[in-house]
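If you read the sequence from its start, that first residue is 1, and numbering goes on from there.
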Amino acid sequence: MQNVADIAIKVGKVPSLNDFYGGKHYYFRSSAKNKFKGEILIELDKHDKITFKKVTVVAKVNYGYDVDNCIMAIKFAMDALREWGGIPDDTKKYFPKLTIQYDPEQEKNTSTIIFSGEL
């Protein structure tokens, strides 16, 4: 039997993909990335340290923008998971699948990111 685990973290409102790249200066993008990655690392530190062999991600989102604009929540979460040591890298070898779904039951302007995989 394989050893599997899930980690679920709550993420506040992140910039939409359009906001993140729509004419914004590098300083804005770098500051946003560092801010949200830091917040996600705090959430990850509430869990026992594990390393996934492969991870899939589900993002349950309730932001005020289109679902495809929610990808930055996953980008920031994967960067944080890699820095935390949860995966060796965020390439397709370790991260083959993601799902983003609108969840009206989710608190407004938040998402829940669920990392699932084999240890």
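Using a 4.5 Å cut-off on side-chain heavy atoms (C-beta onward), Phe95 and Met78 make contact. Contact of the Asn62 side chain with the Asp103 side chain is not registered, since no non-hydrogen atoms from C-beta on lie closer than 4.5 Å. At least one side-chain heavy atom of Glu83 sits less than 4.5 Å from a side-chain heavy atom of Leu41. Contact check for Val11 versus Ile40: side-chain heavy atoms found under the 4.5 Å cut-off.
Legend: residues meeting salt bridge (Lys or Arg N to Asp or Glu O under 4.0 Å) with Lys10, ordered by chain and number and at least two apart, are absent. Listed by chain and number, the residues in a side-chain hydrogen bond (donor to acceptor under 3.5 Å, both in side chains) with Lys93 amount to none (sequence neighbours excluded). The ring-ring contact (aromatic ring centres under 6.0 Å, His included) check on Tyr65 picks up Tyr63, with sequence neighbours excluded. In this structure Lys60 satisfies the side-chain hydrogen bond (donor to acceptor under 3.5 Å, both in side chains) test with no other residue, sequence neighbours excluded. For Asp45, the side-chain contact (heavy atoms from CB on, under 4.5 Å) criterion is met by Trp84, not counting sequence neighbours. Not a single salt bridge (Lys or Arg N to Asp or Glu O under 4.0 Å) links Lys97 to another residue, sequence neighbours left out. Taking the side-chain hydrogen bond (donor to acceptor under 3.5 Å, both in side chains) definition, one finds that Glu107 meets it with nothing, sequence neighbours left out. Contacts of Lys46 classified as salt bridge (Lys or Arg N to Asp or Glu O under 4.0 Å), with partners at least two apart in sequence or in another chain: Glu43.
Using a distance-only test at 3.5 Å, with no hydrogens or angles considered, a donor-acceptor pair links the side chain of Thr51 to the main chain of Gly85.
Within 6.0 Å of the NZ atom in Lys49, the count of heavy atoms belonging to other residues, nucleotides or ligands exceeds 12.
Taking hydrophobic clusters as Ile, Leu, Val, Met, Phe, Trp and Tyr residues chained together by side-chain heavy-atom distances below 4.5 Å, Val61 does not share a cluster with Val58. Linking Ile, Leu, Val, Met, Phe, Trp and Tyr residues whenever their side-chain heavy atoms come within less than 4.5 Å places Leu81 and Val57 in a single cluster. In the hydrophobic clustering of ILVMFWY residues, with side-chain heavy atoms under 4.5 Å counting as a link, Leu44 and Val14 come out together.
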Taking distance alone, no hydrogens or angles, what donor-acceptor pairs closer than 3.5 Å link side-chain atoms of residues 112-119 to residues at least two apart or in another chain?
{"unit_1": "Thr112", "atom_1": "OG1", "unit_2": "Gln106", "atom_2": "OE1", "d": "3.1"}
{"unit_1": "Thr112", "atom_1": "OG1", "unit_2": "Gln106", "atom_2": "NE2", "d": "2.9"}
{"unit_1": "Ser116", "atom_1": "OG", "unit_2": "Asp6", "atom_2": "OD1", "d": "2.6"}

Could you go through residues 67-77 and list every donor-acceptor pair under 3.5 Å that involves a side-chain atom there, pairing it with any protein atom two or more places apart or in another chain?
{"unit_1": "Asn69", "atom_1": "OD1", "unit_2": "Asn18", "atom_2": "N", "d": "3.2"}
{"unit_1": "Lys75", "atom_1": "NZ", "unit_2": "Asp79", "atom_2": "OD1", "d": "3.1"}

Run the side-chain contact (heavy atoms from CB on, under 4.5 Å) check on Ile50 and Ile7 step by step: do they pass?
CA-CA 10 Å; Ile50 60 173; Ile7 295 177; 3.6 Å; yes

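When all heavy atoms of Asp89 and Ile87 are compared, the pair lying nearest together is O-CD1, 3.1 Å. Closest of all the heavy-atom pairs between Ala8 and His47 is O-NE2, 3.4 Å.
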